[in-house]
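Values below: all heavy atoms of this structure, side chains included; hydrogens, waters and symmetry mates excluded. No experiment lies behind these values; they were computed from the predicted model shown.
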Amino acid sequence: MSAERTWIKSSRSQNTATCVEVATTFDEIRDSKDPNGPTLRTDVASLVRAIRSGRFES
């Protein structure tokens with residue numbers, strides 16, 4: 001994980017620590033409860049498009 005990254009928390013998190021954050025470069029996701037823990041490197045824009053299209057609905 002890069003220490004110099006800037007992270008964005010969802011506006012729907014209501015100021016709690018139980019949220020997923022995304023790097024401002026949109027290539028990394030982390031658990032806000034563990035900011036020094038592991039991150040998931042992914043194409044966040046593609047992930048959001050897949051979620052919005054219903055790809056993960058059963």
Side-chain angles (χ1 to χ4, degrees):
M1 183 181 89
S2 301
E4 56 277 345
R5 289 231 185 243
T6 303
W7 296 90
I8 304 168
K9 187 186 293 189
S10 170
S11 61
R12 295 180 184 236
S13 69
Q14 300 175 354
N15 297 322
T16 66
T18 56
C19 186
V20 172
E21 297 175 319
V22 64
T24 55
T25 54
F26 296 103
D27 64 350
E28 221 168 344
I29 299 171
R30 72 177 182 185
D31 181 349
S32 64
K33 293 185 306 288
D34 188 9
N36 295 315
T39 62
L40 174 63
R41 294 192 61 87
T42 186
D43 178 354
V44 175
S46 292
L47 178 61
V48 170
R49 279 193 298 276
I51 293 168
R52 286 183 175 168
S53 73
R55 181 172 176 198
F56 301 108
E57 294 177 10
S58 49

Inset, instruction - Say whether, by atom type as modelled, one donor and one acceptor occur between the side chain of R30 and the main chain of P35 under 3.5 angstrom. - result: yes
Inset, instruction - Report the distance from atom CG of D31 to atom CG of L40, rounding to the nearest 0.5 Å. - result: 11.5 Å
Inset, instruction - Please name the residue in the list D27, I29, V22 that meets the side-chain contact (heavy atoms from CB on, under 4.5 Å) test with T42. - result: I29
Legend entry - Test item: T24 and R5 side chains (from C-beta on) under 4.5 Å apart, heavy atoms: no
For residues 46-58, please give each side-chain donor-acceptor pair under 3.5 Å, one per line with the distance, not counting sequence neighbours.
unit_1, atom_1, unit_2, atom_2, d
S46, OG, D43, OD2, 2.8
S46, OG, R49, NH2, 3.0
S53, OG, R49, O, 3.4
S53, OG, A50, O, 2.9

Legend entry - same_hphob_cluster(V20, F26) at 4.5 Å side-chain heavy-atom cutoff: yes
Legend entry - Exercise: do E21 and S32 side chains pair donor with acceptor under 3.5 Å: no
